[in-house]
Amino acid sequence: MTKPVITRVNYSDPEHGADLIAMLEIYARDPMGGGGTLSDHVRVHLLADLAARPFAFSLLAYNYKKPAGLANCFFGYSTFSARPLVNIHDLVTHPDHRGSGIATALFSEIERVALLEGCCKLTLEVLSENMRARQLYTQ
């Protein structure tokens, strides 16, 4: 098994943008992501909207030079700690790469970014019926 390569997304890079949208589409089509497709509005506006938000960052995981995972994250703020935090908004692993350490590698990089930024914690939300993700998050 090869170690995934984690790359911070440059929202103005066409390859990064295409890979981000492709991974988000995989997530959207999955029953745990709603079982639908991304709207045309999202496809047209998402990258520019993310780029316009200095508190947003995304990470792509590549396995064998193919997109294998995505994390969309946002910096927030903890009033109880008076310090920044990172919220993991989306986390997806390509079905062909599940069980190969993609999510773990993404979490490690998110944690690294959070520590560099002086964050006090990581937060995430998950649908209660998404048992696969809940098992990963509680390990």
Side-chain angles (χ1 to χ4, degrees):
M1 178 172 19
T2 183
K3 184 178 177 184
V5 175
I6 308 298
T7 302
R8 192 153 178 173
V9 173
N10 174 347
Y11 298 120
S12 63
D13 180 308
E15 184 177 332
H16 283 184
D19 291 345
L20 185 151
I21 294 293
M23 289 304 306
L24 201 57
E25 181 68 32
I26 287 168
Y27 182 44
R29 289 177 183 262
D30 188 277
M32 293 303 114
T37 60
L38 296 178
S39 70
D40 289 338
H41 176 83
V42 169
R43 290 177 182 282
V44 169
H45 296 283
L46 180 62
L47 296 170
D49 285 356
L50 288 171
R53 287 165 171 71
F55 51 84
F57 71 96
S58 301
L59 301 171
L60 281 163
Y62 290 92
N63 209 7
Y64 301 104
K65 298 185 180 182
K66 303 259 187 214
L70 168 69
N72 288 318
C73 304
F74 297 90
F75 290 104
Y77 189 76
S78 170
T79 55
F80 288 127
S81 297
R83 292 178 48 203
L85 61 83
V86 170
N87 177 262
I88 303 166
H89 187 70
D90 301 309
L91 184 77
V92 60
T93 299
H94 191 289
D96 294 345
H97 297 275
R98 290 184 180 152
S100 65
I102 299 297
T104 300
L106 285 166
F107 277 124
S108 292
E109 183 61 14
I110 294 165
E111 181 180 29
R112 189 186 74 75
V113 170
L115 289 171
L116 285 173
E117 296 293 331
C119 294
C120 62
K121 64 182 169 180
L122 300 173
T123 65
L124 62 82
E125 300 159 15
V126 62
L127 296 172
S128 59
E129 62 271 10
N130 190 343
M131 296 309 293
R132 184 177 185 104
R134 290 178 60 193
Q135 288 172 342
L136 172 71
Y137 302 152
T138 57
Q139 290 181 357

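Positions are given from 1, in the same order as the sequence printed here. Just so it is clear, the structure is predicted and the values come from calculations on it, not from any experiment.
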Geometric class of the His89/Phe74 ring pair [parallel <30°, tilted 30-60°, perpendicular >60°]: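 Rings of Phe74 and His89: perpendicular, over 60°.
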Would you say the side chain of [Y] lies within less than 4.5 Å of the side chain of [X], judging by non-hydrogen atoms?
| X | Y | value |
| --- | --- | --- |
| Ser81 | Lys121 | no |
| Phe107 | Leu122 | no |
| Leu124 | Leu91 | no |
| Pro67 | Tyr62 | yes |

Quick one: pull up [atom1] in [X] and [atom2] in [Y] and give me the separation to the nearest 0.5 Å.
| X | Y | atom1 | atom2 | answer |
| --- | --- | --- | --- | --- |
| Leu60 | Asn72 | CG | CG | 8.5 Å |
| Leu70 | Ile26 | CG | CD1 | 9.5 Å |
| His41 | Leu46 | NE2 | CG | 9.0 Å |
| Phe57 | Leu50 | CZ | CG | 12.0 Å |
| Glu109 | Thr7 | CD | OG1 | 9.0 Å |
| Asp90 | Met23 | CG | CE | 11.0 Å |

Distance-minimising heavy-atom pair for [X] and [Y]:
| X | Y | result |
| --- | --- | --- |
| Val86 | Cys73 | CG1-CB, 3.9 Å |
| Ile6 | Ala105 | CD1-CB, 3.8 Å |
| Tyr11 | Ser58 | OH-OG, 2.7 Å |
| Leu106 | Gly69 | CD1-C, 4.0 Å |
| Ser78 | Leu85 | N-CD2, 3.8 Å |

Mind checking salt bridge (charged side-chain N to carboxylate O under 4.0 Å, His left out) for Asp49 and listing every partner two or more places apart, or none if nothing turns up?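 Checked Asp49 against salt bridge (charged side-chain N to carboxylate O under 4.0 Å, His left out); zero matches.
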Please identify each residue that fulfils salt bridge (charged side-chain N to carboxylate O under 4.0 Å, His left out) with Glu25, with sequence neighbours left out.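 Salt bridge (charged side-chain N to carboxylate O under 4.0 Å, His left out) list for Glu25, sorted by chain: Arg29, Arg43.
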Assess the residue pair Glu125 and Asn87 against the criterion (side-chain contact (heavy atoms from CB on, under 4.5 Å)); give the C-alpha distance rounded to whole Å, side-chain angles, the decisive distance to 0.1 Å, and a yes or no. CA-CA 8 Å; Glu125 300 159 15; Asn87 177 262; 4.2 Å; yes
Side-chain donor or acceptor of Arg83 paired with backbone N/O of Gly118 under 3.5 Å: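 Pair found, side chain donor or acceptor close to backbone of Gly118.
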Working note: Phe75 + Val113, criterion side-chain contact (heavy atoms from CB on, under 4.5 Å); need CA distance, chi angles, decisive distance, verdict. CA-CA 10 Å; Phe75 290 104; Val113 170; 3.9 Å; yes
So if you build clusters from Ile, Leu, Val, Met, Phe, Trp, Tyr with side-chain heavy-atom gaps below 4.5 Å, do Ile88 and Tyr77 land together?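 Per the 4.5 Å side-chain linkage, Ile88 and Tyr77 are not co-clustered.
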